[in-house]
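Structure first, then comments.
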Amino acid sequence: MAQRSQDKGATGGVPSVTDPARIRNVVLVGHSGAGKTTLVEALLAASGTIGRAGSVTDGTTVCDHDPAAVRQQRSVALACAPLLHDGIKVNLLDTPGYADFVGELRAGLRAADAALFVVSAVDGMDAATAALWEECAAVDMPRAVAVARLDHPRADFDEAVALCQRVFGDNVLPLYLPMLGDDGESTVGLLGLITRRIFDYTDGLPPQVREPDPEHLPAIVESRNELIEGIIAESEDESLMDHYLAGEEIDSGVLVEDLEKAVARGHFYPVVPVCAATGVGLDALLEVLTAGFPSPPEHDLPVVTGVDGSPRPPLTCDPDGPLVAEVVKTTIDRHVGRVCVVRVFSGTLRPEQTVHICGHGLAERGHPDHDADERIAHLYSPLGAALREVGVAVAGDICAITKSGSAETGDTISARENPLLIAPWEMPEPLLPVAIVAKSRSDEDALARNLARLVAGDPTMRLERNPETHQLVLWCMGEAHADVVLERLRAGGVDLDTEPVRVSLRETLTAPARGHGRHVKQSGGHGQYAVCDIEVEPLPRGAGFEFVDRVVGGAVPHNYIPSVEKGVRAQMERGIVAGHPVVDLRVTLVDGKAHSVDSSDAAFQTAGALALRDAAEQGGPALLEPVDEVTVRVPDGNVGTVMGDLSGRRARVLGTEPDPDSDGRTLVRAEVPATELLRYAVELRAMTSGAGTFRRHFVRYDPMPAHLADQIRKEHV
């Protein structure tokens with residue numbers, strides 16, 4: 001991939017193309033602080049898309065326009081930044097590097113056809129980045145590596161490349177080597193391994209190209225041979241290896257052509273050193289993005305079905321094909337309302353077009369299935385928060401629409417006369433609960449409106465209104481995610497507080513008991529009279545509730561027996577110890593008394609409730625807590641730490657096994673009380689440096705330890 005120069009300011013305006021072959025959709029991934037946003041800013045400036053690069057610390061970058069991102073000085077949301085280079089439109093998708101915002105990362109991967117891994121020459125990479133490389137490899141997504149932050153005093157390009165080769169595997173090879181200045185520390189240029197030329201950035205972009213100095217030749221020769229061998233190994237021309245082994249010089253044009261093909265197929269991963277501050281390598285990186293990465297027609301498209309799930313032919317990236325697009329991000333702008341970033345997979349999206357918008361398969365996340373026909377008024381090219389109107393969006397391109405009444409993240413946009421559906425992409429389960437409460441009645445209305453907007457745009461957040469604890473719970477990906485959600489709610493005018501999350505417990509009896517319920521009020525006029533005797537016995541866990549009538553001799557009239565059962569059930573809902581529902585009991589009505597005038601349905605309901613409370617005093621009441629089966633996925637080196645921590649959470653470890661989907665990782669299975677998992681998402685991440693993940697599902701209720709149960713009883717009094 002020979003480097004070509006680019007004049008500053010050669011582009012500008014709104015990048016617009018109508019040929020899918022002249023589009024590249026590239027997602028930038030890497031850990032928080034690796035330099036992704038700064039690199040995007042530098043590429044936009046180098047291509048003339050913006051006048052000058054902004055700063056993350058000053059909060060002036062194109063991509064970090066969210067107030068939370070400015071305050072935290074890190075990306076918290078997906079941002080699209082298109083540029084034009086050599087007539088090719090490159091849609092750069094900047095993603096957050098912090099694990100809490102993995103939903104934004106997933107959206108970026110869905111919209112992209114290739115991934116640029118940004119690795120810091122100072123800090124290396126985290127385990128989550130390594131895991132993401134494996135995911136991209138599983139679907140053969142083309143990848144390249146940009147080693148950034150070369151201007152830092154502790155930058156070490158060689159160590160960063162060695163780390164990438166250890167973690168990412170074979171065929172991760174540099175196309176260029178950094179060239180140091182006279183001070184021996186600053187990076188002022190690149191050594192081109194294919195062209196064997198020096199690109200000197202001392203005077204900025206474009207670089208001065210010249211022959212290498214003698215002291216550069218040994219490094220160029222050694223690295224160039226390794227690069228050529230890697231390219232030839234992936235070449236479709238088997239004769240190249242014979243020529244190379246015979247000592248023949250291989251034309252650089254042939255090498256570049258084979259390199260570009262290998263990169264596009266996802267079989268070769270070029271490494272480019274870049275420095276956003278000085279401009280070193282920016283033009284070389286743009287060359288990789290445009291010449292090496294595939295265009296949308298070269299990349300596999302998602303499976304599409306009818307709205308009813310019926311099979312449909314595979315999509316092709318054809319502007320004249322059926323319209324199929326997907327909403328990859330939804331935000332709410334205070335001025336223009338709902339803004340949806342859309343990836344067009346097939347067909348052409350035009351202004352004033354009536355389309356079908358549908359979303360299915362995310363009901364569990366708070367997104368009920370929905371279908372609607374809407375008119376698209378205008379199309380825009382998003383540049384961070386800026387929206388620039390365009391005339392058309394063809395297959396393969398990314399655009400934005402506004403003021404949709406129903407579109408949510410993950411929805412499919414298709415032709416009204418031919419509605420289609422793309423299966424939603426995989427999203428991790430939110431596992432950190434945060435209970436929120438509005439401070440006033442007016443805040444409750446504002447909270448409901450703002451929550452609906454946030455849920456529409458964030459599939460990684462789940463909203464739960466717990467009918468037992470009467471709490472409004474937001475399930476988030478982690479503390480940072482929760483902080484951003486709460487900040488957005490408050491920015492929307494909602495005054496709210498958080499409170500400790502309460503787990504839904506159960507109560508039961510552990511021993512058979514008898515209960516006597518007497519409800520008698522006779523003070524003249526129509527009174528209340530009901531007496532009943534019951535026997536209570538515990539049932540196996542999960543058996544539910546049984547009511548048995550063994551009254552003889554009409555001691556309790558037949559028409560009042562259902563009233564006793566109703567009273568018992570009502571008391572079971574209210575609880576007998578700490579206000580939690582009672583489960584797994586058999587209640588037998590054995591005797592009672594009635595009055596011909598004063599007995600009533602209400603009186604026997606009250607007597608039934610009193611009888612159950614009386615039985616509870618001698619039946620060994622116990623609290624039951626929910627137990628979840630948890631599957632923890634961690635690197636092998638963290639297994640001991642995780643298992644020790646689970647033991648401290650009163651877990652019963654079921655076993656471990658190698659992760660079938662990843663080398664070097666282990667699955668730990670355990671049964672853990674749900675009360676011990678409220679902050680496990682945060683604590684597991686801390687234990688494993690962000691590399692651990694887990695899934696959970698409810699299994700059963702088990703008795704709570706006596707000391708914990710006593711504490712809950714005291715709090716209830």
Side-chain angles (χ1 to χ4, degrees), residues 14-27 78-84 88-93 107-114 293-305 307 312-331 338-359 373-383 387-404 406-425:
V14 182
S16 180
V17 296
T18 56
D19 181 2
R22 304 193 70 79
I23 297 173
R24 305 290 184 271
N25 297 309
V26 181
V27 59
L78 173 71
C80 181
L83 59 84
L84 202 65
I88 293 178
K89 180 183 181 182
V90 182
N91 291 312
L92 297 174
L93 297 160
L109 289 170
R110 179 67 160 218
D113 302 306
F293 279 162
S295 63
E298 300 173 86
H299 192 249
D300 292 338
L301 300 184
V303 175
V304 67
T305 67
V307 175
R312 296 297 173 89
L315 292 177
T316 59
C317 186
D318 181 3
D320 297 323
L323 175 63
V324 178
E326 188 170 28
V327 178
V328 295
K329 180 176 176 58
T330 305
T331 57
R338 187 173 298 195
V339 179
C340 298
V341 177
V342 175
R343 162 70 194 262
V344 183
F345 289 107
S346 173
T348 300
L349 195 58
R350 295 181 173 85
E352 307 300 328
Q353 181 179 6
T354 299
V355 299
H356 184 78
I357 299 176
C358 67
D373 290 339
E374 292 189 14
R375 186 176 67 87
I376 303 297
H378 302 280
L379 293 179
Y380 301 91
S381 174
L383 179 62
L387 298 176
R388 303 164 300 169
E389 190 165 353
V390 294
V392 69
V394 299
D397 208 353
I398 294 175
C399 66
I401 61 174
T402 60
K403 300 180 180 179
S404 170
S406 62
E408 300 180 353
T409 301
D411 282 3
T412 303
I413 299 176
S414 56
R416 178 175 58 176
E417 61 277 6
N418 183 25
L420 299 171
L421 180 66
I422 300 176
W425 63 83

> Does the side chain of I23 reach to within under 4.5 Å of the side chain of V394, using non-hydrogen atoms?
Replying inline: yes
> What is the minimum heavy-atom distance between V390 and P351, and which atoms define it?
Replying inline: O-CG, 4.2 Å
>> A side-chain contact here means heavy atoms from C-beta on lying under 4.5 Å apart; do P296 and R343 qualify?
In response: yes
>> On a heavy-atom basis, which atom in A107 and which in L78 lie closest, and how many Å separate them?
In response: CB-CD2, 4.0 Å
> Among L387, V341, L379, whose side-chain contact (heavy atoms from CB on, under 4.5 Å) with C399 holds?
Replying inline: L379
> Does the side chain of H299 come within less than 4.5 Å of C317's, by heavy atoms?
Replying inline: no
> What is the minimum heavy-atom distance between K89 and I398, and which atoms define it?
Replying inline: NZ-O, 4.0 Å
> S381 side chain to R388 main-chain N or O, any donor-acceptor pair under 3.5 Å?
Replying inline: no
> Once you round to the nearest 0.5 Å, how far does CG of L83 lie from CZ of R24?
Replying inline: 12.0 Å
> Got L349 and V355 here, is their nearest side-chain heavy-atom distance under 4.5 Å?
Replying inline: yes
> If every non-hydrogen atom of S404 is compared with every non-hydrogen atom of R338, which pair is closest and at what distance?
Replying inline: O-CD, 3.6 Å
>> Using modelled atom types and a 3.5 Å cut-off, is there a donor and acceptor pairing between side-chain atoms of N25 and backbone atoms of G396?
In response: yes
> Side chains of P82 and L383: does their closest heavy-atom pair fall under 4.5 Å?
Replying inline: yes
> Who are the side chain to side chain contact (heavy atoms under 4.5 Å, CB included) partners of R350, not counting sequence neighbours?
Replying inline: T348, Q353, V392
> Taking E374 for the side chain and S406 for the main chain, is one N or O donor matched with an acceptor at less than 3.5 Å?
Replying inline: yes
>> I need the minimum non-hydrogen distance between F293 and V26, along with the two atoms involved.
In response: CD1-CG2, 3.6 Å
>> Measuring only between side-chain heavy atoms, which start at C-beta, is P382 closer than 4.5 Å to K329?
In response: no
Please tabulate, one pair per line, all N/O donor-acceptor pairs under 3.5 Å involving side-chain atoms of residues 413-424, not counting sequence neighbours.
{"unit_1": "S414", "atom_1": "OG", "unit_2": "L420", "atom_2": "N", "d": "2.9"}
{"unit_1": "N418", "atom_1": "OD1", "unit_2": "R312", "atom_2": "NH1", "d": "3.2"}

>> Testing the basics here: between A325 and V344, what is the closest heavy-atom pair and its distance to 0.1 Å?
In response: CB-CA, 3.8 Å
>> What's the separation between atom CG in D318 and atom CG in L301, rounded to the nearest 0.5 Å?
In response: 10.5 Å
> Can you name the residues that form a side chain to side chain contact (heavy atoms under 4.5 Å, CB included) with S346, not counting sequence neighbours?
Replying inline: L315, P322, V324
> Rounded to the nearest 0.5 Å, how far apart are CD of E408 and CD1 of I357?
Replying inline: 10.0 Å
